[in-house]
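Beneath this line is the structure, given in structure tokens, with notes to follow.
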Amino acid sequence: METMGGQSSARAAVLAALRAEDCRLVNVVGPLGVGKTRVLAGLGVGEAVLVDGVDGAAAVANLAEAVRTAPAGSRWIAASRRPLAGWEHWPHPPPVTVPVQPWRPTSIEALVRDLGLRQPGELRLVATLSGGIPLVAAQVARALLSGVPVDARGAAAAPAAREVLRRLESEGAGAAADRLTALATLRSADEEMLQRLTGITAAEFDLLGELSVVRRAEFGLVLREPYRTLLDLGARWRRPLARQSLLSGGVQHRMRQAAARRDHREQVEIVGQSLALVDDPVVRETLFPAAEPRVRIRPAEPGDEADIVRLTRLWARRGHLDAKACGRMLETWWACQPTGFYLAVGPDGEALGLSNVLPLRESATPALELLLQQHTAALRADPDGTTGVLVGLSVSGDEDPAVHAAILRHTLGIGMLAERVLVSTPWLPYQRLCEQLGMSHQGDTRHDVYRCGRMNRIYLQDFAVEALPSWLGRLGAGGPGAGFDWERHVRQALGDLDRPGRLAASPLSALPVTGSGAALAALLRAAVELLGGSGAPQDVEAAQALTWRYLRGGVGEPVRLGRSRATYFRRLRHGVRRVTEIVQALAGEGAGPAGHR
């Protein structure tokens with residue numbers, strides 16, 4: 001049976017290791033609930049000693065002592081969630097390690113069909129939440145069989161989350177269940193963050209770091225998938241308001257952390273962590289699915305051509321694109337320098353996914369003109385090539401959501417570093433994702449780029465570091481408790497200065513200091529004038545940019561101001577922030593329109 005395929009391979013690897021004369025201990029390693037006990041149960045190993053559940057410090061110490069005092073020539077097989085050699089003070093030579101990998105989606109589906117599930121929506125939910133862990137799949141399946149509706153994801157996940165916490169007690173996690181659940185909601189957190197938000201002690205933080213379901217990363221601890229998704233969905237179902245408060249505190253901590261850094265790359269990486277705090281199902285499930293990615297993303301290298309062609313053809317078939325049109329696009333990308341290709345590479349070096357993230361430079365002009373068409377002149381890069389990237393392709397070989405999410409997160413990271421992202425795509429799921437990510441629709445291409453019966457839609461997002469907090473606020477990072485997004489409403493009101501009806505509907509018109517759309521318009525114009533008279537060169541230039549953009553129709557703005565597009569947009573962003581500060585100061589600190597406090 002296919003569900004047993006990975007376990008059969010693990011058994012074969014164990015038996016092969018035992019045939020080596022110098023092998024005394026084989027360590028069967030795999031995540032909680034993956035089926036290590038079943039691997040051991042199917043072994044015929046003669047006089048070898050089988051030990052299961054070597055997961056806590058005490059159990060590891062007991063095994064080490066037993067192996068040390070056993071007769072020479074004895075053989076041992078031990079199952080654990082973490083490699084034994086990774087434990088501090090492991091006294092023996094490293095054992096032969098045999099990994100047990102999560103199951104493939106088809107194997108999970110076969111498992112839950114045997115339990116009695118048949119409906120496609122139920123099968124999809126189990127596959128989505130299980131992350132390839134059969135224990136989790138069985139728990140979610142039983143919840144659905146008990147009558148939990150398929151759209152009640154938190155209720156379906158709660159029994160599995162409870163079982164995960166119960167099993168982690170063998171690692172000493174019983175007293176840390178609440179802290180672990182908080183880490184699940186935050187996805188990643190340092191000690192300072194958890195201390196402020198949950199009151200965690202240093203000793204408790206160290207304990208979390210030792211759990212098999214937690215890994216140490218650059219910006220703190222990260223709870224592995226699918227355990228993170230399960231615990232977070234359970235928290236969303238059981239304690240929704242407390243969870244929202246935690247999300248809001250997490251965003252505030254990350255923003256302060258980013259503001260304290262001077263290195264642009266570090267700032268972008270910190271803000272990237274906050275995307276996990278966006279409480280939107282599409283964003284979460286697309287960028288942070290309940291599965292662990294086992295890939296690294298690297299630029300394409302000489303010798304990757306065959307993989308690039310293979311994955312591009314797959315992308316064309318999956319999107320119902322014309323093969324010849326895609327072939328011409330591929331040749332155009334290849335002619336650009338750099339080509340913009342990145343490969344998602346698996347543990348054995350196999351190419352599992354592909355993206356094209358093209359720097360907006362003069363050398364990319366042929367690709368820009370194909371993908372942007374009549375919008376090229378308005379959206380192309382400055383001559384110095386510092387104004388962003390164009391995303392034209394993203395595909396994962398076997399539609400693994402974890403691989404696809406890793407590619408998308410990498411693409412967003414590049415875009416944040418470049419401070420500006422353009423996306424040109426005919427594919428509806430990507431268009432929806434762009435809209436969920438708050439990207440601005442710039443229009444459609446005039447011609448059908450890929451002869452698929454659909455025009456490419458073009459999206460733009462400004463990713464300058466100073467604009468990121470407002471962007472995260474628009475996405476809902478931190479949940480509904482994150483507060484009123486002043487900057488977004490100021491920007492919108494500036495754009496509506498000549499639209500009295502829309503201006504009157506702005507939440508800013510409900511401020512005591514305004515009271516009407518006409519008064520709001522007068523306040524914004526006065527704020528721009530006040531900014532222009534500040535005497536600070538950056539404020540003066542920002543006021544000029546705001547005047548041309550919003551007060552005079554925006555015709556020929558950068559040319560009239562004698563600025564590059566990049567400088568012009570930076571001044572606009574600065575101007576909107578400063579006008580927002582003026583409006584907030586006049587409204588009173590901490591105040592918000594009625595219904596938005």
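Excluded from the calculations below are hydrogen atoms, water molecules and symmetry mates; all remaining heavy atoms, backbone and side chain alike, are included. Since we're looking at a predicted model, the values are computed, not measured. Along the sequence shown, residues are numbered consecutively beginning with 1.
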Have [X] and [Y] got a donor and an acceptor in their side chains that come within less than 3.5 Å?
| X | Y | result |
| --- | --- | --- |
| R454 | T445 | no |
| T339 | Q337 | no |
| D280 | Q436 | yes |
| E369 | T365 | no |
| D190 | H253 | yes |
| Y459 | Q431 | no |
| D496 | Q492 | yes |
| Q252 | S248 | yes |
| H574 | D539 | yes |

>> List the residues meeting salt bridge (Lys or Arg N to Asp or Glu O under 4.0 Å) with R256, not counting sequence neighbours, and say none if there are none.
In response: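 For R256 there are no salt bridge (Lys or Arg N to Asp or Glu O under 4.0 Å) partners, ignoring immediate neighbours.
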Answer yes when [X] and [Y] have at least one side-chain N-carboxylate O distance shorter than 4.0 Å, and no when they do not.
| X | Y | value |
| --- | --- | --- |
| R578 | E581 | yes |
| R187 | D232 | no |
| R153 | E285 | yes |
| R254 | E269 | no |

>> Does atom CZ (R196) have a neighbourhood of more than 12 heavy atoms from anything else shown, all under 6.0 Å?
In response: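 Yes, enclosed.
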>> So that I know where these two stand, are W427 and Y450 an aromatic pair - ring centroids less than 6.0 Å apart?
In response: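 Ring centres of Y450 and W427 not closer than 6.0 Å.
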>> According to side chain to side chain donor-acceptor pair (under 3.5 Å), who are the partners of H410, at least two apart in sequence or on a separate chain?
In response: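 Expected list: none.
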